[in-house]
Peer 1: 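Quick one: this structure, given as structure tokens, is what I'll be asking you about.
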Amino acid sequence: MQLVWFRDDLRVHDHPALFAAAQRGEPVVALYIASPQQWQLHDCGPRKAQWHYANVQALREALAGLGIPLTVWRCEHFDDIPARLGALCNEAGIGAVHCHHGLGVNERALEQKLADQLPVPLHRYADANLVDYSAITTGQGGLYQVFTPFARRCRQWMAPPQPLPAPEPQAAQPPLQADDAWSETVDLLWPAGEQAAARTLARFCQQRLSAYHDDRDWPAKAGTSALSPYFAAGVLSPRQAAHALSQQADGEGAQSWLNELLWREFYRYLLYHHARLSRHDALFPAKEARWEANDEWLRRWQQGRTGFPLVDAGMRQLNATGWMHNRVRMLCASFLVKDLHIDWRLGEAYFMQQLVDGDLASNNGGWQWAAGCGADAAPYFRSFSPYRQSERFDPDGDYIRQWVPELAEVPARQLHKGGPFLLAPDYPAPMVDHKAQTARFTAQFKQQMEETRHAS
DNA sequence: AGTTACTTGGC
DNA sequence: CCAAGTAAC
């Protein structure tokens, strides 16, 4: 009997580990382990737990249709897993355990422990990535540190995406054991499961892809794919996405979306090669600014009470739904770092706690980009202007008014010029002077560079 | 995956 | 005058 261990790969199609296990010609059984306290240490919030829960239920049904029983355990910490899994292998006569490579340090450490301690072999497979991370190197054999050349190389190397089918149905097996108690009250905007993901993907490709290049930057429009929660839980694989993309006519929209898929690959590639990133180390520590602790400012940013309409709209969308439009994520991140001078790790943690699509690699990569200490980082002097961004991307103020109802009466022109607003007495005045704060950041950083230059 | 000031070349 | 391009931050 072969055991497939599911983690953030909650699907039956294009699942290398499941496919390989089924190839063995023995009955296949499946296991999922909820680890709430361990997840909390990873800044995983209630929404992501809910999202995993809902998708595990959908996975159970999909697996049942293939005759594969899913057992769900609850082990609060990763440390609880090796002994229990070892015992199961002995009791149930498991011949081998199959899973995908994890990217976080704790996930990798657990895999290593299992590989060392289980009474049976642990087979690990690359998840259905678009490229082989270990094979992508620069001409000099080094690692890419800038997105554009990385993406160029990927486009050259990318095999035509061929997603694997779900395994052939087997004679239904009895469940290994009764499930542990684990339940969540699911209150999310996304329907769970592979079928919902496939429908969303198909609709996006047919209806929105051709306009994606133009529409994706307008937070008031439904111009993005909205697939990120499915990617984060592995309900949809990037190969399935790239395959659907390859069935569509090429054009600006298709190229832009492929680029976004490759940004995701780039951040996973970085984490694959630099495991310390998952301990929140900067990729380039020398490029860290001097962060200033300010709990009151952090709280105002988190609550969407900064007095900058587009920033507040984004943070309130995040708090209300667990999702924020990407354009606004970049602005909110830039604001925390460049205007409030608060450590990007606090922003990274807050996003992770709130996001339904929270993904270690993408979230960390995005924050380090914004903070200027990561790969392909925004230079220290580059900061988003909250006013300029709303003028360009929310010209009518529709997005702002949707999430900040106090501003309903304020004309768009005023919103882009900045408050305080006479027509919105309940809305706070801007908490800082944007120009002065970004200038201070730049000056501070320059001085710091001077000091390190003298010191060396 | 930015913003700004300045230049240039068109009308 | 404006649009597009460029350099610098």
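Here is the naming used below: chain letters follow the sequence lines, and residue numbers restart at 1 for every chain.
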Peer 1: Do A/Leu298 and A/Leu340 touch side chain to side chain, with heavy atoms closer than 4.5 Å?
Peer 2: no
Peer 1: Between the base of C/dA8 and the side chain of A/Tyr380, is there any donor-acceptor pair under 3.5 Å?
Peer 2: no
Peer 1: Do the charged groups of A/Glu296 and A/Arg299 touch, with an N to O distance under 4.0 Å?
Peer 2: yes
Peer 1: Taking the six-membered ring for Trp, are A/Trp263 and A/Phe150 closer than 6.0 Å centroid to centroid?
Peer 2: no
Peer 1: Mind calculating the distance between CG (A/Leu261) and C1' (B/dA1) to the nearest angstrom?
Peer 2: 15 Å
Peer 1: Parallel, tilted or perpendicular: which one describes the rings of A/His15 and A/Phe6, with boundaries at 30° and 60°?
Peer 2: tilted
Peer 1: Quick test: give all pairs of protein nitrogen or oxygen and nucleotides 2-4 of chain B nitrogen or oxygen below 3.5 Å, distance rounded to 0.1 Å.
Peer 2:
residue	atom	partner	partner atom	Å
B/dG2	O3'	A/Gln389	NE2	3.2
B/dT3	OP1	A/Gln389	NE2	2.8
B/dT3	OP2	A/Arg392	NH1	2.2

Peer 1: Output the rounded distance in Å from CE (A/Met449) to P (C/dC9).
Peer 2: 16 Å
Peer 1: Out of the candidates A/Tyr230, A/Trp39, A/Trp323, A/Phe231, only one should pair with A/Trp51 under the ring-ring contact (aromatic ring centres under 6.0 Å, His included) rule; please name it.
Peer 2: A/Tyr230
